[in-house]
Amino acid sequence: MTASAPVNPCPVNSFNEWDPLEEVIVGVVDGAQVPPSHIALKATLPSDQLEFFQKQAGKPFPPERIAAAKQELEQLVHLLEAEGVKVRRPEPIDQRKPFGAPGWTSTGLYAAMPRDVLLVVGNEIIESPMAWRSRYAETSAYRPLLKEYFRAGARWSSGPKPELRDELYDYDWTEGPEGGPTRYVITEFEPTFDAADFIRCGRDIFAQQSNVTNAFGIEWLRRHLGPEYRIHVFEFDDPHPMHIDATLVPLAPGKLLINPERVPKVPDLFKGWDVFRAPRPSIPADHTLYMTSKWINMNVLMLDEERVIVERSDEPMIACFKKWGFKPLLCDFRNFNSFGGSFHCATADVRRRGVLQSYF
Ligand code: DAV
């Protein structure tokens, strides 16, 4: 028998961050709402934003900011399509509609950051059991796509549906002592994780425990994925950890981008890899960042081992990528950045052309 390509290959196939990108979900920022006030937010928001979140709790983000971010998302879509990538979008849902589970209700946030919500490993899409009450129903926006991918052959699963009861949260949370262990706002009451606390590198997947991802959640994923994958949990110098993709970013085989402030020592595993230290962020001091640090400059999207999408005004990052031998493609994204992410957060790769490999 001669080997031939399957007639209907699975529409979902992605093992790492750099195989040639064929299909991707790009988020939508329409209807973005400030979540109701809750302790889980306090542990991750920039301190200069706490007042805004208190005042605006349960209300929309400023419409002019949403409109500006939306335009940049359209620019990203055009750029991806021009590079031959098929782009899919979630369905905007009404984030003002209350939802809940026994003991609590909330309104929503947005569907702008598919990377937080969906973890693609091979031909499987896993819905994250998210720790923020305001994000409990966030996968709804992606359900039409998930059903379509499932019907076309993908595997589809979800972490254990969390209850998000008060026992999950440390209502006395304050920042831990400087130099001491990170104090997390969530407990080990039940497994929770955001997909963005994991970053894929073939058989090896890197993870961090954070204010949304607990050890219980990491263990659930480890057992769910089984012995084909090795999950490595790293601890970084970050007093407010939430999402690994502005801290440790594998760009291509043997090439690692690190946040020089948060990664004082590169894990031994990467011995022999080229380690690139991200330049200091160039985002202006007065630029509003509601939900992220300035290190969002590291949150890039690889289209393959060379092409990388970088923010258009981020000159230090563009210069570094050129020097390191990559091909930066530029897109305006500063207004989108205000909502808490950049190109990696705003996307979830559905299909990259490649197979499961070990890079170590
Ligand atoms: O500064 O590490 C990254 C957020 C990605 N959703 C940071 C925030």
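The residues of the chain are indexed from 1 along the displayed sequence. Ligands are counted one by one from 1 in listed order, and the atoms in each one are counted from 1 as well. No hydrogens, no waters, no symmetry mates; every other heavy atom, side chains included, goes into these values.
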Item checked: E22: which of R352, R351, K86 passes salt bridge (charged side-chain N to carboxylate O under 4.0 Å, His left out) -> R351
Pair [X] + [Y]: basic N to acidic O under 4.0 Å:
X    : Y    : answer
R353 : D19  : no
D170 : R183 : yes
E127 : R143 : yes
K255 : D274 : no

Could you list the atoms of ligand 1 found under 4.0 angstrom from a heavy atom of [X]?
X    : value
T292 : 1 (O), 3 (C), 7 (C), 8 (C)
C345 : 5 (C), 6 (N)
G340 : 4 (C), 5 (C), 6 (N)
A246 : 2 (O), 3 (C), 7 (C)

Margin query: Taking V185 as the starting point, is it possible to reach F189 by hopping between hydrophobic residues whose side chains are less than 4.5 Å apart?
Written below: yes
Next item on the list: Kindly work out whether a path of hydrophobic side-chain contacts (I/L/V/M/F/W/Y, heavy atoms less than 4.5 Å apart) joins V212 to I244.
Entry: no
Notebook entry, point to check: How far is atom 6 (N) of ligand 1 from its nearest protein heavy atom, and which residue and atom name does that atom have?
Noted result: H243 ND1, 2.8 Å
Check each heavy atom of [X] against ligand 1 and say whether those closer than 4.0 Å belong to the side chain, the backbone, both or neither.
X    : result
M298 : neither
D245 : side chain
S293 : both

Can you find a non-hydrogen atom of [X] under 4.0 Å from ligand 1?
X    : result
R262 : yes
G341 : no
A196 : no

Next item on the list: Check whether any N or O atom of T247, backbone or side chain, sits under 3.5 Å from an N or O atom of ligand 1, and answer yes or no.
Entry: no
Notebook entry, point to check: Would you call the rings of W273 and F270 parallel, tilted or perpendicular, where under 30° means parallel and over 60° means perpendicular?
Noted result: perpendicular
